[in-house]
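One-based numbering, in listed order, for ligands and for the atoms of each. The shown structure was predicted, so the numbers you read here are calculated from the model rather than taken from an experiment. In this chain, residues are counted from 1 in sequence order.
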Amino acid sequence: MIHFNKSPVTGNELSYMTDVINSKNMIGDGYYTKWCEAWFEKHLNTHKALLTPSCTAALEMAALLADLQPGDEVIVPSYTFVTSASAFALHGAKLVFVDIDPATMNMDVSCVENAITERTKVIVPVHYAGVACDMDRLMILSKKYNLLVVEDAAQGVMSTYKGKALGTIGHLGCFSFHGTKNYTSGGEGGALLINDVKLIDRAEVIREKGTNRSQFFRGQVDKYTWRDIGSSFLMSELQAAYLKAQLENAGKINTKRLALWQRYAENLTGLEQKGLIELPVIPSSCEHNAHMFFVKVQGVEERGELIGYLKREKITAVFHYIPLHSSPAGIEHGCFNGEDKYTTAESERLLRLPLYYDLTIEEVDQVCSSIWKFYS
Ligand SMILES: *Cc1c(COP(=O)(O)O)cnc(C)c1O
């Protein structure tokens, strides 16, 4: 049986978690949290990293930092995970969905300018499969129209765009350490990266239930009080301990995943040359993190047949993202801007293949030979 995903374990997770348990202090913002935050600030070059319970929580913090008023609009691709959009709807935004570029499945930046109105406040580029959106063009638009850019880099930890880490280019960046992502903090977890220094103080207050407790612990104020709206956005120290073990092996995990990804690409390129499937495209401006390997087949029926065939070969392959603009809550909270040229059609062709840290090259070969058999 070849599973679709297994969460990575690299070796030191248990001993670091045991250390936290033995310390009898498992509250957030302890040694392990600070270590991980400093690691991101140093290695990815951002002003501030704050660990959160999930990427969804980081997106919700971004929505609070955006100070959304009723009727304000947020531009987001329709082809994405629910919370890229719902985190903003939760705080009153109207969602404006835009089409994707079929090459990368990322937001088509040429559709974004048309979608901007005087109510637009935020743009949410989602780096699908850890491959960057066209950030240069987006940042130019954000300057021109004075918009906040919140990168949903849930899948993009350790990827770069023109040498800059994903999540560090927009005003805010959101990471996920969910058990299906490249690095996990024990199943659930995330981080908010704050690249615009003006937002740091308020982000700390929002994360600490609306209090200035972070300043208090640094000795900057002599008591802490309720200052602003906020919520409970700290990660448990136990999860941060798990994450430290993963970050210490970040290079090893990345190298292994890239090798597996490359093997898929080499094995399946012949099927692409025959015109039977399409493989992912990595623009030259991007270094990706092998978050995902997918193929695109002719259509939804062929995809169903291939999934069934692989299942009989004991291989789990999955698809995802029912376009948000056609989902019940997406219809209620937003609308599609422009023409749905690619979102629906491409979403029905995409199939994700197993890819995780423990997968072997032999298993990749087995998946590929099953796909070849299906097409012969
Ligand atoms: C996984 C994912 C999320 C949500 O991450 P959580 O940490 O589970 O909240 C958000 N956006 C995208 C694009 C994702 O892939």
Aromatic Tyr356 / basic Arg257 pairing, under 6.0 angstrom, 45° off normal | no
State, without any angle test, whether Thr46 and Asn195 hold a side-chain donor-acceptor pair at a distance under 3.5 Å.
-> yes
Test item: Glu346 and Tyr79 side chains (from C-beta on) under 4.5 Å apart, heavy atoms = no
Shortest protein contact, atom 3 (C) of ligand 1 (heavy atom only) = Phe81 CD2, 3.5 Å
Atom 14 (C) of ligand 1: closest protein heavy atom, distance to 0.1 Å, is Ala154 CB, 3.3 Å
Does a side-chain heavy-atom distance below 4.5 Å link Val122 with Ile75?
-> no
Would you call Asp101 and Thr104 a side-chain contact if the rule is heavy atoms closer than 4.5 Å?
-> yes
Looking only at non-hydrogen atoms, which of Ser176, Gly156, Ala153 approaches atom 7 (O) of ligand 1 most closely?
-> Ser176
Does ligand 1 have any atom that is closer than 4.0 Å to a heavy atom of Cys174?
-> no
Any side-chain donor near an acceptor of the partner, Glu237 and Thr33, under 3.5 Å = yes
Contact (N/O only, under 3.5 Å) between Gln155 and ligand 1 = yes
Can you sort out which atoms of ligand 1 are near Tyr321, meaning under 4.0 Å from one of its heavy atoms?
-> 15 (O)
Proximal atoms of ligand 1 relative to Thr83 (non-hydrogen, under 4.0 Å) = 4 (C), 10 (C)
Answer yes if the ring centres of Trp261 and His291 are under 6.0 angstrom apart, and no otherwise.
-> no
Hey, is the main chain of Ser232 close enough, under 3.5 Å, to the side chain of Arg207 for a donor-acceptor pair?
-> no
Option passing side chain to side chain contact (heavy atoms under 4.5 Å, CB included) with Asn212 (candidates Tyr224, Trp226, Phe217) | Tyr224
Nearest neighbour in protein (non-hydrogen) for atom 11 (N) of ligand 1 | Asp152 OD2, 2.7 Å
Which of the atoms in ligand 1, numbered in the order shown and given with their element, are less than 4.0 Å from a heavy-atom of Thr56?
-> 4 (C), 6 (P), 9 (O)
Near Ser84 (heavy-atom distance under 4.0 Å), the atoms of ligand 1 are 11 (N)
Would Lys181 count as a contact of ligand 1 if the rule is a heavy atom under 4.0 Å away?
-> yes
Considering distance alone, does some N or O of Cys55 sit under 3.5 Å from an N or O of ligand 1?
-> yes
Enumerate the atoms of ligand 1 whose separation from the nearest heavy atom of Val126 is less than 4.0 angstrom.
-> 13 (C)
His178 neighbourhood, listing ligand 1 atoms whose heavy-atom distance to it stays under 4.0 Å = 8 (O)
Per-atom contacts of ligand 1 with Ser54, taking only distances under 4.0 Å to non-hydrogen atoms = 7 (O), 9 (O)
Should you measure from each heavy atom of Gly189, which atoms of ligand 1 turn up under 4.0 Å away?
-> 7 (O)
Ring-face cation of Lys244 near Tyr32 (centre distance under 6.0 Å, axis angle within 45°) | no
